[in-house]
Amino acid sequence: MSSAAAVDADQENFMDVGSHLHHAAVPGTMDLQKAQNSPTNTLHIMEYLAANVDLAKDLIARCSAVAQRLMDDDLLGITEDLDNVIKNISNELNRIPVSTFASSRFAEPAVSGHLQVVRDRHDLYDQRSCDGYSEGDMSMVVAMERPRRRTLHNSDMPRLVDFLQGMYQESHEFGGQSFSSLPEVAEYVEPLYDSFFCPLTNKVMVDPVTTESGVTYDRRAIEDYFDKFTDGSEPVICPVTKMAMQSKTLRSNVPLKSTIAEWITRNEATRVRIARTALSMATTEAMVLEAIHELKVLARLRRKNRDQMHKIGITKFLARLLDHKDGLIRCDSLDLLSLLVEDDAGKEIIAKTRAVSRTIKLLSSSSTDERHAAISFLVELSKSELLLENIGSTAGSILILTTMKFNSSDDPVAAEKAGEVLKNLEKCPKNIKYMAESGYLDPLQRHLVEGSEDVQMEMVSYLGELIQKQEMTINIAGSASEILIKMVRRGNNAICKAALDVLVQISSHHPNGKTLVDAGAVPVMVEELFIRKIDDEPMGSKTEAAAVLANIVESGLDPEAIVVNKEGHVITSKYSVYNFAHMLKCSMPDTLNLSIVRVLLALTTLPKPLATVVSVMKEQDSSQTVIELMGSLSESLGIAATRLLIALSPQMGHTIAEKLCKAPGQPGKLVKSIGLHGRITERHAMSAILLAKLPYQHIALNLALLNRGAVTTVLAKIDEMQRGETRASRYAKAYMEGLVGVLVRLTTTLYDPDVLLAAMDHNLTSVLTDLLVRSVGSDEVQRLAAVGLENLSSQSPNLSQPPTEERRPKKKNILRRLREAHAGRVHDNRRPPAHSRVCPVHRGVCSPSTTFCLVEAGAVEGLLCVLESNENGRVVEAALGALCALMDDAVDVTSGVAVLAEHDAARHVLRALRQHRDGPGCGTVARRCFWAVERFLAHGGERCVREVTSDRALPSLLVSAFHKGDAATKQAAESVLRCLHRMPDYSATYESVEL
């Protein structure tokens, strides 16, 4: 291109710049025209506007003067006042008639409260771009003949609506819509100039370069054009001048590139201000959404736009929109805020607002888009250390985030981002504590293992504080356990105490038991408990060490595999048990004694460790200490000690009974504990069970209980429970079983006159019969009642006497004196008169209270009902025992069988035999059934015999028992087979025959 052409091009650029400068001065000129053309009849309106302006200035002065001392609510109030002032000014402007500004071509847009939609009628919209900015930053309208300066309207001032619709590709790329509701402002957006466009692409140039011909193109476009002439067969032709070019050299047009960049920067700043005005003056949700959308487009373009948004208050204003009633506005506000807080300035502004708490609330939104927008915003906020503590300390934030993280199946996207937020929050140690309080312990454990020594100490301290505030389940890894154990061994007293507290809580979760054993916790705890002297360490460390050991032993691990020291001793060895028992002292703290008792109690669940514990307890006479601990003021210790005595009673019950009788205040304290009023507690139940489990025949204990009023207390509590006067409790069943057991133990020592008299006085036969019938659902109560009835019935033959006129005068024995004494004190309505009928079974005058007669007490029906309804073998065995007492050799067997036959007893017995033919414990049931069947066959009437012999299952049951039963069962089956003539009668006498 010639030099003259270059000069012309430069002149064209200069004219464009001059036109731009002239155009930029128009706003001031327009204002001047308004002032000059205003008529005098608008003075009142202008005075009102001036007053409102003064009021606005006053509000601004107040806000500036005390801005540092104002709270958010105060600032919000002043802002609302300013909004009202602005609205008043706008209303007054609307009252000014348009004719007042008739001489000005800008009159209509100046007084209009909202933008009028002017749709561009051009046929083609083309997309443009400029250097340093993404394509689509700008667009223009293509006409047939392009003018020097491209505008969107005939007016020199383009409208914002059409500017947003026609110029910006981003509006369409991100879901742009008609911006018909945005308000108009008196701002100017500079037009596009021809020099900005590449002749080849007709787009705003990104990197303008000048060729040899003097024409400026976009670098990429002209390079693509030059690629067509790579073969060198033809000269390179300038696409504009059509002149041949000798060189493909390109020179960067730096001035034009800078001009385009400055042009875009100025216009984007104008767009930000326009959108801000539209955002604050919007009267509909659509206007707000359009303004937010425009701001999002600008925020994505470059950081400078975001900085301007911070300065003019857009960021702070958006934080208030998070409380807006419209979900779309909240969601779009979160999206825009996510862009604005990518830099530190945005995060600092947000830190001074309530955006965090508002965003946390939106995490629970029912809208998926809103939840995703909220969590994405939090991801950006959590990248700043300034906001970490603010996010973590917001009520419910950690709990909601952890819930989102764990419920990944419900919303995988939110779960992933919630995990990212939590990971960022870990940078603040307090947040780790908040996470642990919400049940998310992984960060704490990770820092406990991977952190520095100071961090480890802090994490242990957090765990210690946490377990003191709330009881929680802690699953912990082996590496974390090793750190804690190391702190116990090497740390100072405070760290050792904190680590032990944590280990106690960790070990209370039984699945952690194996992890702690593998980490070597047991030897360290044993050393802490047994080897270190009290002077070296506080007693508290021994208490926690014992608690850890108790939790581990109770976790269900094989105690034979728990090694306690380097010598290879296990926790079940005599060495270990001896040391545990030796530490049991009433002078020790209750918590320490409780843990030791728990260890011993856990060891008694297995046969071999039980034998070791019994041996050591007998050698050291530790049962006396346990009995004393049973009366401790600490309820948990008293319960644990009682449980240990119950567990030991089968092996050393007589020893415990003797010690109990000799202990100060015992067994009166146990009786008192049983009789306490109120809700049934575990301690009540364990006290009753202990008395029921100790050997029944221990006469000293039975007499001691009798002397302490145990029978009266027990009967009163049973009566309360049967009437429903005692409040429901989960220990009620065990308590009732213990009470009945106390009564049954007395029936085993009826040979003692005092016990016999007490049984008569309290009519135990009727009490147990009533329990047999009314204790449906409690097998143990029915079993105990049946056993007690059997024991009482065994005394009936001795107590029953013929009627008075049939007796021969003889010396009064002890039994007669007891009966006479009882008759003088007890008035039993059921006791027959002097000339009543004779009991067929006992061949004398009977009553439930004086002779314990089961027939007179109506117990036969109850016992047969148990056989019919109960499937528990032990209960059936006890009921059969009581029924067999009526067919014993000490009574009239024939009459006893007849009485039972009247109640169809044979059918019930045969049914029980069929039902309990197999299974554990069925041998005793079968043996008693065979014994009863043999009595039915030998002493029963024709009907009874026929009922027995017609049973089709009986022969096979007899043969099976004869083949496979034990010696006693085989003998009973043989007796029945002999009665059925299935076996020879070896007891028959043979006559000698002379040959």
Side-chain angles (χ1 to χ4, degrees), residues 478 481-482 485 488-489 500 503-504 506-508 510-534 536-537 539 541-585 588 591-627 629 637 640-641 643-653 655-656:
S481 302
E482 293 174 1
I485 294 168
V488 172
R489 179 174 291 175
L500 281 171
L503 285 172
V504 170
I506 291 172
S507 61
S508 65
H510 289 171
N512 290 329
K514 188 176 186 311
T515 303
L516 292 172
V517 171
D518 295 340
V522 175
V524 175
M525 298 302 112
V526 169
E527 179 182 355
E528 193 74 24
L529 182 61
F530 296 145
I531 299 177
R532 291 193 182 184
K533 296 181 180 180
I534 297 178
D536 297 335
E537 297 291 340
M539 183 61 68
S541 64
K542 294 184 178 293
T543 301
E544 277 84 25
V548 173
L549 288 173
N551 290 335
I552 291 176
V553 176
E554 291 175 347
S555 66
L557 297 175
D558 181 10
E560 298 286 349
I562 301 177
V563 180
V564 298
N565 57 21
K566 298 179 180 179
E567 287 73 21
H569 291 114
V570 294
I571 204 164
T572 59
S573 64
K574 194 168 184 178
Y575 163 82
S576 302
V577 175
Y578 181 89
N579 281 284
F580 282 121
H582 183 69
M583 287 204 71
L584 274 179
K585 293 182 177 64
M588 290 288 186
T591 51
L592 178 59
N593 283 327
L594 172 60
S595 297
I596 295 174
V597 170
R598 286 172 55 204
V599 172
L600 296 174
L601 182 59
L603 294 178
T604 60
T605 57
L606 297 176
K608 186 177 178 180
L610 173 61
T612 305
V613 173
V614 169
S615 174
V616 171
M617 295 287 282
K618 288 181 177 179
E619 290 178 9
Q620 294 195 4
D621 199 18
S622 300
S623 58
Q624 185 68 41
T625 303
V626 178
I627 290 173
L629 294 176
L637 176 58
R643 284 184 174 276
L644 180 59
L645 292 174
I646 293 172
L648 296 175
S649 61
Q651 305 293 327
M652 49 185 300
T655 302
I656 295 173

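Model, not experiment: these values are computed from the prediction.
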Drop me the distance from [X]'s [atom1] to [Y]'s [atom2], to the nearest 0.5 angstrom.
| X | Y | atom1 | atom2 | answer |
| --- | --- | --- | --- | --- |
| Leu610 | Leu601 | CG | CG | 10.5 Å |
| Met617 | Leu584 | CE | CG | 7.0 Å |
| Thr543 | Glu528 | OG1 | CD | 10.5 Å |
| Leu648 | Ser623 | CG | OG | 8.5 Å |
| Glu554 | Ser595 | CD | OG | 9.0 Å |
| Gln651 | Lys618 | CD | NZ | 7.5 Å |

Between the side chain of [X] and the main-chain N/O of [Y], is any donor-acceptor distance below 3.5 Å?
| X | Y | value |
| --- | --- | --- |
| Asn565 | Gly568 | yes |
| Ser649 | Ile646 | yes |
| Asn551 | Gly513 | no |

Heavy atoms only: give me the nearest [X]-[Y] pair and the separation to one decimal.
| X | Y | value |
| --- | --- | --- |
| Ile596 | Phe580 | CG2-O, 3.2 Å |
| Val614 | Met652 | CG1-SD, 4.1 Å |
| Gly520 | Val524 | O-CG2, 3.5 Å |
| Val599 | Ala550 | CG2-CA, 3.6 Å |
| Val553 | Ala602 | CG1-CB, 3.4 Å |
| Val522 | Val563 | CG1-O, 3.4 Å |

Residue pair [X] / [Y], side-chain heavy-atom distance below 4.5 Å:
| X | Y | answer |
| --- | --- | --- |
| Val577 | Thr572 | no |
| Thr612 | Leu603 | no |
| Val597 | Val626 | no |
| Leu592 | Leu529 | yes |
| Lys608 | Glu560 | yes |

Counting only heavy atoms from other residues, nucleotides and ligands, does the tally under 6.0 Å from NZ of Lys585 exceed 12?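 Counting other residues, nucleotides and ligands, NZ of Lys585 exceeds 12 neighbours.
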NE2 (His510) with more than 12 external heavy atoms under 6.0 Å: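 Yes.
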Determine, stepwise, if the pair Val564 / Phe530 fulfils side chain to side chain contact (heavy atoms under 4.5 Å, CB included). CA-CA 11 Å; Val564 298; Phe530 296 145; over 6 Å; no
Go through the steps to decide whether Ile562 and Val570 satisfy the test side chain to side chain contact (heavy atoms under 4.5 Å, CB included), and finish with yes or no. CA-CA 5 Å; Ile562 301 177; Val570 294; 5.8 Å; no
How far apart are the C-alpha atoms of Met525 and Val488, what are their side-chain angles, what is the distance that settles it, and do they pass the side chain to side chain contact (heavy atoms under 4.5 Å, CB included) test? CA-CA 9 Å; Met525 298 302 112; Val488 172; 4.1 Å; yes
Stepwise side chain to side chain contact (heavy atoms under 4.5 Å, CB included) test for Leu600 and Thr604: CA-CA 6 Å; Leu600 296 174; Thr604 60; 5.6 Å; no
Angle between ring planes, Tyr575 versus His569, binned at 30° and 60°: parallel, tilted or perpendicular?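 Taking His569 first and then Tyr575, their aromatic rings lie parallel (interplane angle under 30°).
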Under 3.5 Å, is there a donor on one side chain and an acceptor on the other for Ser576 and Ser573?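 Present: a donor and an acceptor within the cut-off.
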